[in-house]
Amino acid sequence: MPEPTPSDPYISAMRIALDQAGKASATGDVPVGAVLLDLGGTVVKADHNRREELDDPTAHAETLVMSARARELGDWRLEGHTLVVTLEPCVMCAGAAVLARLDRIVYGAADLRAGAAWSLYNIPQDRRLNHRVDLVDGVLEEECSTLLTEFFGSRR
């Protein structure tokens, strides 16, 4: 996929996701941040991994923003929304994006060990499923990767 340009509409959203990711580190969680954009490109939800804080294995940044928005709308269907996340979604989060009927997932760093939006699996675009989600990868990839590398480097 082409490199994002400074006018890329997802750059500012990814910067917000990166800020959120930094908050996860403070609680000892993997620094992943996510934002959810509405059809007009407005950030409607932002959060970060909270597994450690909430003692909840499902409290990934992606699931938190999707759940919060669904509750706000009173509808689990999130058509017209774009998920912007610093790390390629895992199987759970990619599956939730399909089930929520998101239009698009935009991510920064690939996850070669657990990525389910291209690296290991391509759940969002699997033709066997009832919905497909567009993918945009590599947005601020270096910044997203560096945040994760520094986090794991400090834990070794």
Do T146 and E150 pass the side-chain contact (heavy atoms from CB on, under 4.5 Å) test, and can you show the C-alpha distance, the side-chain angles, and the key distance before you say yes or no? CA-CA 6 Å; T146 298; E150 290 174 353; 3.4 Å; yes
Is there a path of hydrophobic side-chain contacts, each under 4.5 Å between heavy atoms of I/L/V/M/F/W/Y residues, joining Y107 to M92? no
Would you say L64 ends up clustered with L99 if hydrophobic residues are merged whenever their side chains have heavy atoms under 4.5 Å apart, either directly or through other cluster members? no
Within 6.0 Å of CG in L39, more than 12 heavy atoms from elsewhere: no
Can you run down the salt bridge (Lys or Arg N to Asp or Glu O under 4.0 Å) pairs that involve residues 115-127, sequence neighbours left out, and say none if there aren't any? D126-R128
In chain order, what residues pass the side-chain contact (heavy atoms from CB on, under 4.5 Å) check against D56, with sequence neighbours excluded? L54, T58, A59
Which residues pass the side-chain contact (heavy atoms from CB on, under 4.5 Å) test with A94, not counting sequence neighbours? P89, A116, I123, P124
Any pair counted as salt bridge (Lys or Arg N to Asp or Glu O under 4.0 Å), so long as it reaches residues 108-123, sequence neighbours left out: none
Report whether L129 and V91 are members of the same hydrophobic cluster (ILVMFWY, side-chain heavy atoms less than 4.5 Å apart, transitive linking). yes
List for me each residue that meets side-chain contact (heavy atoms from CB on, under 4.5 Å) alongside A21, sequence neighbours excluded, and say none if there are none. P31, T86, L147
Tell me every residue that passes side-chain contact (heavy atoms from CB on, under 4.5 Å) with K45, counting only those two or more places apart in sequence or in another chain. L36, V65, A68, R69, E72
Any side-chain donor paired with an acceptor under 3.5 Å for T27 and E53? no
